[in-house]
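Single-structure report; data block below.
Numbers for residues simply follow the sequence, beginning at 1. Hydrogens, waters and symmetry mates play no part in the numbers below; they use all other heavy atoms, side chains included.
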Amino acid sequence: MPRDLVPRGAPASAAAAAARRPETVMPRTAPAPTAEFVPAPVEPAPAPSPETALPAGAVPAAQPAPAAVRGGRGSEFAPLLRMVREQGLLERRAGWYARGITVNLLILAGITVGLVLLGPSWWSLLLAPPLALVSARMAFVAHDAGHGQITADRRTGRLVQLVHANLLLGMSQEWWNDKHNRHHANPNHIDKDPDVAADILVFAQHQTAGRSGLRGWLTRHQAWLFFPLTTLEGIALKVYGFQAVFSRKDNRMSGRRRIREGLLLVTHVVGYLALLLTTLTVAQAIVFALIHQMLLGLHLGMSFAPNHKGMEMSDPERSADWGHLRRQVLTSRNIRGGAVTDWFLGGLNYQIEHHLFPSMPRPHLRLAQPLVRAHCARLGVPYTETGLIDSYRQALGHLHEVGEPLRVGA
């Protein structure tokens, strides 16, 4: 998500962080420190037989306590990686994604036909909310394709992401991947995570220094303004993507990729406007587009908002002895729920598992959760999980606390 609309922040103080972290799983004892490890990108092992996969809600068999803890000579993450690979949870699920993509495209086609059949009628506006829902589904597919969850073939994965992000949504693949990969490498890092850099919103109290005028007002009231601002998220994603592709100042993209992405982005805009303006009046088309884009932004904002805001915030000093496991687990929050929650949040409610294993297919995240939770408990690493509503309460409470210095000085 763009940093200015969907932050992933953390408490302004260690005490505030501890006060808001619910249901943290802690073990009775923790193994002695011996090691540190930074994993290389993981290539999945050959898939085991279907009988070896954990069923939904299953608790993994007891495993020996890992002889690996930070700051020493081993690895906290390696034993967990080994267990996950043995369960076959890093194997791709191309068939699962193919079925989902097919359903999404059929719904998109149905909405298009509905607009044509209804014609210039205000009843056509009723199709904007389902279009926002299916657009969010396609955004989740683009996200998963960018992580290599759908297929191990990079060209195929890139094609899937280009079609969904650039062509169907009007969002730049290259811009998103660059920003999102930097976030995954250093989540909630004050200096390195673009999602917590100060912009319209701020995520740490030191970022409020010098903010006055409109920005100061936004910071003072950012908790109340957060969800209204997320309605602009769908538009912001498009704007940032277009700027990255068509700006001469951005040299991170090769000329060939810039042309390919640019053509797909322009094709999206032309097709979107042509559909609305040939089936609706100008006024109806404007209202339809506003409803569609605002609901899409709200949906995406509600999906990304609970993931990191209000969790630990790292910096070079505090995270010096954090390895991959602690860097990802301590800064992430899971959301409890069932099939509806999984669907609505696109699997991002398993944020801890997703950050530990970015290439793990979405349907396997819930199967990995018992393994990850038990492993963290053996290590004494807090594993944070809460309900959806409570996650919003914590996130908004953190944003409110960050703006406190400006409210006191007003």
Side-chain angles (χ1 to χ4, degrees), residues 1 39-48 50 53-54 56 77 80-81 83-105 134-169 171-185 187 195 237 300 303-304 307-308 324-325 328-329 332 334-335 339 341-372:
M1 303 299 291
V42 177
E43 288 298 330
L54 285 173
F77 182 68
L80 177 61
L81 172 60
M83 288 187 287
V84 166
R85 295 185 69 176
E86 289 172 352
Q87 293 289 344
L89 299 181
L90 293 175
E91 288 299 308
R92 271 66 171 191
R93 292 285 299 277
W96 186 90
Y97 279 103
R99 290 190 295 272
I101 291 172
T102 300
V103 171
N104 292 339
L105 293 178
V134 76
S135 296
R137 303 302 104 204
M138 294 186 293
F140 294 141
V141 172
H143 167 268
D144 292 0
H147 280 298
Q149 296 179 20
I150 299 176
T151 173
D153 184 78
R154 296 183 64 179
R155 291 187 62 183
T156 302
R158 176 174 287 276
L159 177 61
V160 172
Q161 190 182 28
L162 274 172
V163 170
H164 282 79
N166 293 60
L167 182 60
L168 297 178
L169 296 175
M171 302 175 186
S172 168
Q173 172 200 60
E174 198 73 19
W175 168 81
W176 169 263
N177 286 347
D178 174 74
K179 184 181 79 73
H180 195 58
N181 288 340
R182 284 185 285 137
H183 158 70
H184 265 266
D195 288 349
L237 286 169
L300 294 178
S303 301
F304 283 85
N307 299 341
H308 301 281
H324 177 69
L325 186 136
Q328 307 300 337
V329 174
S332 302
N334 274 16
I335 307 301
T341 303
D342 292 358
W343 176 84
F344 183 74
L345 299 181
L348 297 178
N349 45 314
Y350 302 103
Q351 190 67 194
I352 294 174
E353 288 71 28
H354 171 58
H355 262 255
L356 286 172
F357 305 99
S359 65
M360 180 179 289
R362 196 191 312 171
H364 288 174
L365 294 172
R366 65 181 178 85
L367 302 179
Q369 185 180 37
L371 294 170
V372 175

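Separating the CZ atom in R92 from the CD1 atom in I150 is a distance of 10.5 Å, to the nearest 0.5 Å. Between the CD atom of Q87 and the CG atom of L367 there is a distance of 8.5 Å, given to the nearest 0.5 Å. Rounding to the nearest 0.5 Å places CG of L105 at 6.5 Å from CG of L168. Between the CG atom of N307 and the CG atom of N334 there is a distance of 9.0 Å, given to the nearest 0.5 Å.
With sequence neighbours left out, the side-chain contact (heavy atoms from CB on, under 4.5 Å) criterion links S303 to F140, H299, L345. Taking Q161 as the reference, Q173, N177 meet the side-chain hydrogen bond (donor to acceptor under 3.5 Å, both in side chains) condition, with sequence neighbours excluded. W343 is linked by a side-chain contact (heavy atoms from CB on, under 4.5 Å) to L133, R137, counting only residues two or more places apart in sequence or in another chain. In terms of the ring-ring contact (aromatic ring centres under 6.0 Å, His included) criterion, Y97 has no residue partners (sequence neighbours excluded). Residues satisfying the side-chain contact (heavy atoms from CB on, under 4.5 Å) criterion with L159, sequence neighbours excluded, are V163. Here R99 pairs with nothing under the salt bridge (Lys or Arg N to Asp or Glu O under 4.0 Å) rule; sequence neighbours left out. Contacts of H354 classified as ring-ring contact (aromatic ring centres under 6.0 Å, His included), with partners at least two apart in sequence or in another chain: H143, H147, H184. Evaluation of the side-chain contact (heavy atoms from CB on, under 4.5 Å) rule for D342 yields N349, Y350, R366 as partners, not counting sequence neighbours. With sequence neighbours left out, E174 forms a salt bridge (Lys or Arg N to Asp or Glu O under 4.0 Å) with R158, R257. Under the salt bridge (Lys or Arg N to Asp or Glu O under 4.0 Å) criterion, D153 pairs with no residue at all, not counting sequence neighbours.
L89 is listed as a side-chain neighbour of M360, based on a closest heavy-atom distance under 4.5 Å. For the pair I352 and Q328, the minimum side-chain heavy-atom distance is 4.5 Å or more. By the 4.5 Å heavy-atom criterion applied to side chains, L300 and L237 are counted as neighbours.
Shortest non-hydrogen contact noted between L80 and L371 is CD1-O, 3.9 Å. Of all heavy-atom pairs between A145 and G157, the closest is CB-O, 3.7 Å.
Sorted by first then second residue, the salt bridge (charged side-chain N to carboxylate O under 4.0 Å, His left out) pairs that include residues 347-357, not counting sequence neighbours, number zero. Residue pairs meeting the salt bridge (charged side-chain N to carboxylate O under 4.0 Å, His left out) criterion with at least one partner in residues 354-365, sequence neighbours excluded, are D144-R362.
A salt bridge links D195 with K179: the distance from a Lys NZ or Arg NE/NH1/NH2 to an Asp or Glu carboxylate oxygen falls below 4.0 Å.
With hydrogens and angles left out, the side-chain atoms of H355 and H308 include a donor and acceptor closer than 3.5 Å.
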